[in-house]
Protein chains: 2
Amino acid sequence: MHYSSEPLVAGDFVASAIVSITRLIREGKLKPGDHLPAEAALSEQLQVSRTVIREALRSLAALRLVDLGAGKRPTIAQLDDASMAMMIEHGVVTDQIDILQIYDVRRTIEARTAMLAALRRTEAEAQLILSLARAMVDASGDPVAIMEHDISLHIAIARASRNPVFALIIGAFQGVTRQTWPIGWKSRTDDDERQAMNALHEELALAIVDGNPHAATVLMNRHFDQSIKALLTAGLI
Amino acid sequence: MHYSSEPLVAGDFVASAIVSITRLIREGKLKPGDHLPAEAALSEQLQVSRTVIREALRSLAALRLVDLGAGKRPTIAQLDDASMAMMIEHGVVTDQIDILQIYDVRRTIEARTAMLAALRRTEAEAQLILSLARAMVDASGDPVAIMEHDISLHIAIARASRNPVFALIIGAFQGVTRQTWPIGWKSRTDDDERQAMNALHEELALAIVDGNPHAATVLMNRHFDQSIKALLTAGLI
DNA sequence: TTGCCAAAGCTATAATACAGCTTTCGAGAA
DNA sequence: TTCTCGAAAGCTGTATTATAGCTTTGGCAA
């Protein structure tokens, strides 16, 4: 294979190397699983030390554009929500994003994923969604289990929307959700209220299984109304 | 200041260093502009070579959690859409995301940002939004100028929503938009059609200036209906 | 043909060196 | 006293070399 290999110029060698390597991916039409040249080869092509190449590759690995591994050549990676999750969590930790803002984004997007899931879910996805909702109901008494099923359910719905960007974004909120979910749960002091939350998830799952986009949208919005109210009640925001 | 400094254990030194450094940020309650310890200090605290520390810091810099600069200690960074933009573009380049999916996400989110902007925009934001829409109208005949004003307008609306997560996501789509916008433009062969697009943006801007959330939502949805239709007409998808 | 092993290729980490940028701090001027 | 300026100290950016250990390759043997 032939690579366009101008030697680097600008002041920041690593930044230039990142640009050159992403261009390699673009112009080589590389797909997930394909390999980049070895570090030594890149070092020679771009006329910089292996140190610079490694720092550039680590940067791309942090963004999940490539996968690295001992003994393995750098590999083009699949989309993954882990790196976006780090960004979001950093925003929250450093007070640049608050929880209510994240819930507003989730509400906006998930009303749409619920609708799309109702229209597009495969049979297997429908079964997964329903079983996760039922697992929530069955796990009553074990908040951590309920939470994990809840998170998995929302992600399953996002995947069933068949739009990987929605799945990416919703997946990125997992970490933050894991930290705030117990707050909302505790604010639902009443046992009826807690069962109602689980029941609402089951209704939502059924709407998606039934292929009823309007009902799915309405139920997802209702769910977020209640979740946000619970967080406000708890004085989170 | 005191840092929790367990020496690293796991197999992947760099990954462990990333975790430790993010913990430093979290537990130190560091905010944008604050500094991390110098590379040499981190190297000693975490008991790994400076090589490992540097690769970890480069990873965090790629995600925009920290800023690096010659002579300067690593600095906690502000949220920035550049790294998310790289992820999205990689998804498109490697056929993991298609353009229609991005437009669906934009439509979903921007209907909301338009509504929120109408409710929350400051006077300065209102003026900016209106002037960008008018600049689009005035730039007729210069597609590149129209495109840049268009992109700036959508970002200004997202910022006026006062939710940084929306601004982050919409900002991340800039690069892709810059590549696909001309396609939609060319598919609007008729001059009336092109003027109508600009006029629609101006109406949208006025709805936001007037503080009319319902009109803003409707107009933004109409805009995306037309944009998506234009891309489909052009056979993009 | 299939399975296995040794060799070759490659990455992960460490240590050292030095150029060049930034910050600090004290001496001297106003 | 306060302000200014420059030298020194501190720090990062890049290169080089070395080595352990993982992965892939290619050929040999059954």
Between Thr51(A) and Leu57(A), whichever has its closest DNA chain C nucleotide further toward 5' is Leu57(A)
Got more than 12 heavy atoms from elsewhere within 6.0 Å of CZ, Arg106(B)?
yes
Closest-nucleotide ordering on DNA chain D, the 5'-leading residue of Leu68(B) and Gly69(A):
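With Gly69(A) and Leu68(B) compared, the 5'-side residue is Leu68(B).
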Take atom [atom1] of [X] and atom [atom2] of [N], then tell me their distance rounded to the nearest Å.
X	N	atom1	atom2	result
Leu42(B)	dG10(D)	CG	P	17 Å
Lys72(A)	dT25(D)	NZ	C1'	16 Å
Glu39(A)	dA15(D)	CD	P	14 Å
Ile53(B)	dT12(D)	CD1	P	11 Å
Asp12(A)	dG13(D)	CG	P	8 Å
Glu55(B)	dG13(D)	CD	P	13 Å
Glu44(A)	dA15(D)	CD	P	14 Å
Arg50(A)	dT19(D)	CZ	P	14 Å

Taking the six-membered ring where the residue is Trp, are the ring centres of His154(A) and His201(A) under 6.0 Å apart?
yes
Residues Ser43(B) and Ser49(B): closest non-hydrogen pair is OG-C, 3.7 Å
Restricting to non-hydrogen atoms, name the atom on Ala82(A) and the atom on Asp80(A) that form the minimum distance, rounded to 0.1 Å.
N-OD1, 2.7 Å
Using a strict threshold of under 4.0 Å (side-chain N to carboxylate O), is an ion pair present between Glu55(A) and Arg54(B)?
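The answer is yes: the pair qualifies as a salt bridge.
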Would you call Arg112(A) and Asp104(B) a salt bridge, taking side-chain N to carboxylate O under 4.0 Å as the test?
yes
Bounds of contact between DNA chain C and chain A, in 5' to 3' order, using a heavy-atom cut-off under 4.0 Å
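The contact span of chain A on DNA chain C goes from dG9(C) to dT13(C).
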